[in-house]
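First comes the structure, then the notes that go with it.
Counting starts at 1 for both ligands and their atoms, in listed order.
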Amino acid sequence: MTLPDTWDSPQNILVVLAHPDDPEFFCGGTLARWARAGHHITYQLLTCGDKGFNDSTPDTMTPDALCAIRHEEQIAASRAIGAEGVHFMDCADGYLVPDIDLRRDIVRAIRKFKPDILVTCDPQTLFTAFGINHPDHRAAGQAAMDAVYPAAGSPVFFPELLIEGHPPHMPREVWCSLTIQPNVVVDITDTWTTKLEALLHHKTQIGDPEKFKERMRSRHTEDSTDDAPRYEEKFRVVKYR
Ligand SMILES: [Zn+2]
């Protein structure tokens, strides 16, 4: 496996994922590394995570209130990573379906932001180390990949987008996070602290911050030592040219 993020000019990078906190959990170390290197990162999140209730959610919380809080948490987290913008589609959390409407919306985003690199997640990941992969993650990955190919770069798909003023645009590379079939491993040891700091902004999701930090620290590589922990993020990368 090689490290292919050696682009010789600043790249436009669009991150298409389901929920606030997905970018940081799935690939925050890599995104922070790219931001430090001068690349331009924009998030396009398909839901606002309004069903992200857990044991620490106050009884008075409503989905609408949580949606608003999670917008703010995500904006703060993305700034910590070094991303330049966050856009929310606000589809219903938990009910995401990779249908033609969602595909059109993602094609619109691709044509609008014209990314060189599109980051999403692997729709084939059904099981993770923590149980069943959330259906929204699978739906987001499927819809994003279906939007890239064959629709985004072709004028005969979604001609209504041409009328809206969005001509075809094809990303050059697709990076799928949360994959069990990686072909690229990124060492994120240098940006691990930034990833953790960004994740701590997702206060509604992480529970006790100290316990959360401890859990995250345990995700080091097997060749790590106590004095020198090492961290990685893995991707399935598809290159088009
Ligand atoms: Zn998620």
Applying side chain to side chain contact (heavy atoms under 4.5 Å, CB included), run through I180 and F127 and close with a yes or a no.
CA-CA 9 Å; I180 54 169; F127 304 106; over 6 Å; no
For the aromatic rings, using the six-membered ring if either is Trp, is the centroid distance between F158 and H166 under 6.0 Å?
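Not close enough - the centres of the two rings lie 6.0 Å or further apart.
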Under-4.0 Å salt bridge between K213 and E210
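Salt bridge: yes.
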Run the ring pair (Phe, Tyr, Trp, His ring centres under 6.0 Å) test on F25 and H202 for me, step by step, so that the C-alpha distance in whole Å, both residues' side-chain angles and the decisive distance to 0.1 Å come before the verdict.
CA-CA 10 Å; F25 271 119; H202 295 288; 7.3 Å; no
The Zn ion (ligand 1) - closest N/O/S atom in H137
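Result for H137 and the Zn ion (ligand 1): NE2.
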With respect to the Zn ion (ligand 1), what is the nearest N, O or S atom of H19?
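The Zn ion (ligand 1) is closest to the H19 atom ND1, counting only N, O or S.
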Is D22 close enough that one of its N/O/S atoms sits under 2.8 Å from the Zn ion (ligand 1)?
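Yes - counting backbone and side chain alike, D22 has an N, O or S atom under 2.8 Å.
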